[in-house]
Participant: 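Submitted below is the structure of interest, expressed as structure tokens.
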Protein chains: 2
Amino acid sequence: MRKKRKHEGTNSRKHEGSALVIELNAVIVAVTDGKPRILVVQHPDHPENADDQKDSLPPDALPFGPLDPAADRTLELGLRRWVRERTGMELGYVEQLYTFGDRNRDPGELEGGPRVISVPYLALVKERQLSDMGTARWQDWYEFFPWEDWLQRHSSVIDEEIAPALETWIRNDPDPESCDRRRERIEIAFGLGGTPWDEEKVLDRYELLYETGLVPEQARDQELGIEYERESPVSSVELSTESSGVSLVRPMALDHRRILATAMGRLRGKIKYRPVVFELLPRNFTLLQLQRVVEALAGVGLHKQNFRRFVEKGGLVEETGQWETKTGGRPAKLFCFRREVLRERPAPGVGLPGVRH
Amino acid sequence: MRKKRKHEGTNSRKHEGSALVIELNAVIVAVTDGKPRILVVQHPDHPENADDQKDSLPPDALPFGPLDPAADRTLELGLRRWVRERTGMELGYVEQLYTFGDRNRDPGELEGGPRVISVPYLALVKERQLSDMGTARWQDWYEFFPWEDWLQRHSSVIDEEIAPALETWIRNDPDPESCDRRRERIEIAFGLGGTPWDEEKVLDRYELLYETGLVPEQARDQELGIEYERESPVSSVELSTESSGVSLVRPMALDHRRILATAMGRLRGKIKYRPVVFELLPRNFTLLQLQRVVEALAGVGLHKQNFRRFVEKGGLVEETGQWETKTGGRPAKLFCFRREVLRERPAPGVGLPGVRH
DNA sequence: TCAATTATGCTCATTGTTAGCATAAGTGGT
DNA sequence: ACCACTTATGCTAACAATGAGCATAATTGA
């Protein structure tokens, strides 16, 4: 009984006995103090909250709510509805991410619960909208993905922890062909062996870490008997037993880290060809503020002068005539998004001009 | 009774009385003779087949099948299963497109049927796999989207039919603000008023044509009392009554044209940063063959010499040493996809080097 | 006033793109 | 054999975009 889902209780009888429900997840992103943060809640009644856990740190969960097939006219309106109801937040920009429908992605299914299809959305909100109601908190998304941060942590996690562990994983594969495939996947995903780092491949990296058990939920799922196969099957305890995964990753409920990875990758890609960063900024901003937000999202540092040239010459912003004086140095011009760019360029985005190597 | 869905009958009792079903759609694309074609079927029992239709041309439908929540381990496997069962085709590359869950997108809901959520997939198959079983046929996708073809038809449809009609639509809006928004959307979507044509904006263009009733299904949906609102509400018979839409568009069932638009836009975007075109080509091909496929998909013509430079210097292909002699001119080198490019470049795609203006 | 900090202007070499010109090597017809 | 025609392929000049850095400007705090 402990895994009874909240929305089974709250919804009308229409769902009772149904083999199928749709759960809407929200990855609500804001950037504060140069850190991308997502809104997380405490998952109401998840197995990991039970006492069979060694470390009792309860996993964070993405906010979620049910689709009410009878009441919600569209999925997006359903999402907006329960986000409003539960957090009081009125979402602006939202974008559907993907639909996750693997069996047993919700362990409740193992006990006869309905098949839960999850349709997560990405939502971007402005800094100032920080309103934390109930158990909801903002959490730096790099706490869930330390290896994605090449700005603050220099991502030594990869060299020191991930790369060696993956190397073991490669070598433990008896089949030389599959071995090569593993190596190729790893080198492409993590930018090893001469391959350049691609900040968009968040999901590929996650999938690899899941398969290799370097991420805590793999062990948890395996204990529950959930198979989450991709290309190559997980050969359980291939890795040295003491290294139970990448250190310092916050636990996450269900497959929410996978969803977050999807969101991060999508957003990192999208800022390059769509002016979505501005959803995360106040109406007026300095170019450095803009740069910091882009850097925070992409997880990489950018060349300041080139960034400013790109964004100004690209017609993405225009001067407001105002100045920001509290910069700690020379005052900076304040800019705002230049809407006309939409007519001029087919794919107006910020790109990552001058990524530091 | 005429609208009873096939899978309600074929599936187990688990679905009986359920308020929710998931339908998997497949947009199966192949390129033959320089034309992108999709696999269409005749929709089993759709209202448009009834005799209340003036022109009795039955609408084409995308192949679809139900998700069996009890049997299908993943959505993708469910898709592959019924495609195999119904067409004998074993799909290779597939990619989830989007999830459409608007109420009444299936008119059966109006008569108490379950809410039908559609999860369409894009599948790419090779030319030779053309196997048409049952009612399934291959159909040039530009028959459904004449205005997307700037290669064969020069797309005079836009100048002669669409642009004037949209101009009327703009002028018929009493509110000057909303009027401006309409104009901006149109100019951006259709590349009018100095804005460049963006071949990826297939869905935006479709949405506009739907809203303005230039596409046959708008009238049909309105007759059925289905609201499919986006930003601005459809003001029904704003347009001159005689012009009942763009000429020569093949009718499509349900919201399948919207799904196809999503697929086209996605594919047109994806070829630029992912080497997916090769899924549509034989293992060995000439550079012109490759170019023709890209052109067919993107709907625009490319500069031959620049295309070949781009694709060769970009490391996307490698020579096989073989020659194609039946070119009708000088024999051409045969190339194949160069897999190593995946390691070298973060986003290896074909791009559209040298689009003809 | 100095050091530190941030903003902003400008350069230069490199690389990539656009739009062509020109040549090569086949075809079919007369 | 010669022709017109087709397709393949090599090459270039002008221009645009990018990467990396130097230099200067305008603030603040010690």
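Here is the naming used below: chain letters follow the sequence lines, and residue numbers restart at 1 for every chain.
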Participant: Taking atom P of C:dT8 as reference, at what distance in whole Å does atom CD of A:E324 sit?
Facilitator: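 Value for this atom pair: 11 Å.
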Participant: On DNA chain C, check which nucleotide each of B:T325 and A:R308 is closest to and give me the residue with the more 5' one.
Facilitator: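 The 5'-side residue here is A:R308.
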Participant: Side chain of A:R309, base of D:dG19: donor and acceptor closer than 3.5 Å?
Facilitator: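 Indeed there is one.
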Participant: Looking at B:E295 and B:R292, does any basic side-chain N land under 4.0 Å from a carboxylate oxygen?
Facilitator: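 Looking at B:R292 together with B:E295, the answer is yes, because their closest N to O distance falls below 4.0 Å.
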Participant: Side chain of A:K304 only, please: which of D:dT9, D:dA8, C:dT8 is the nearest?
Facilitator: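 For A:K304, the side-chain atoms sit closest to C:dT8.
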Participant: Nearest whole angstrom, please: distance from the C1' of C:dA25 to the NZ of B:K326.
Facilitator: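 B:K326 atom NZ is separated from C:dA25 atom C1' by 17 Å.
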Participant: Please report the distance, rounded to the nearest Å, between CZ in B:F310 and C1' in C:dT15.
Facilitator: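 The answer, rounded to whole Å, is 13 Å.
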Participant: Looking at every strand, decide which applies to B:L288 at a 4.0 Å heavy-atom threshold: base, sugar-phosphate, or nothing.
Facilitator: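 Sugar-phosphate contact only.
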Participant: On DNA chain C, nearest-nucleotide positions of B:G329 versus A:E312: which is more 5'?
Facilitator: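 Comparing both residues, the 5'-ward one is A:E312.
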Participant: Less than 4.5 Å apart, side chain to side chain, heavy atoms only: is that true for B:E143 and B:R250?
Facilitator: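 Contact flag for B:E143/B:R250 side chains = yes.
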Participant: Does the Lys NZ or Arg CZ of A:R268 fall within the cation-pi geometry relative to A:W150 - under 6.0 Å from the ring centre and within 45° of the axis?
Facilitator: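 No, cation not above the ring by the 6.0 Å, 45° rule.
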Participant: Could you state the CZ-P distance from B:F335 to D:dA8, rounded to the nearest angstrom?
Facilitator: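 Computing the B:F335:CZ to D:dA8:P distance gives 11 Å.
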Participant: Rounded to whole Å, please give me the gap between NE2 in B:H303 and C1' in C:dC21.
Facilitator: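 In whole Å, C:dC21 C1' and B:H303 NE2 are 10 Å from each other.
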Participant: Looking only at the side chain of A:Q305 (C-beta and beyond, no hydrogens), which of the listed nucleotides D:dT7, C:dT8, D:dA20 gets closest?
Facilitator: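 Minimum distance to the A:Q305 side chain belongs to C:dT8.
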Participant: Given atom CG of B:N306 and atom C1' of C:dA19, what is their separation to the nearest angstrom?
Facilitator: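 Taking atom C1' of C:dA19 as the reference, CG of B:N306 is at 7 Å.
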Participant: Counting only side-chain heavy atoms from C-beta out, which of C:dG26, D:dA8, C:dA7 sits nearest to B:P331?
Facilitator: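 In terms of side-chain proximity for B:P331, the closest of C:dG26, D:dA8, C:dA7 is C:dG26.
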Participant: Ring pair (Phe, Tyr, Trp, His ring centres under 6.0 Å): which pairs involve residues 294-346 of chain A, sequence neighbours left out?
Facilitator: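 Ring pair (Phe, Tyr, Trp, His ring centres under 6.0 Å) check on residues 294-346 of chain A returns A:F278-A:F337.
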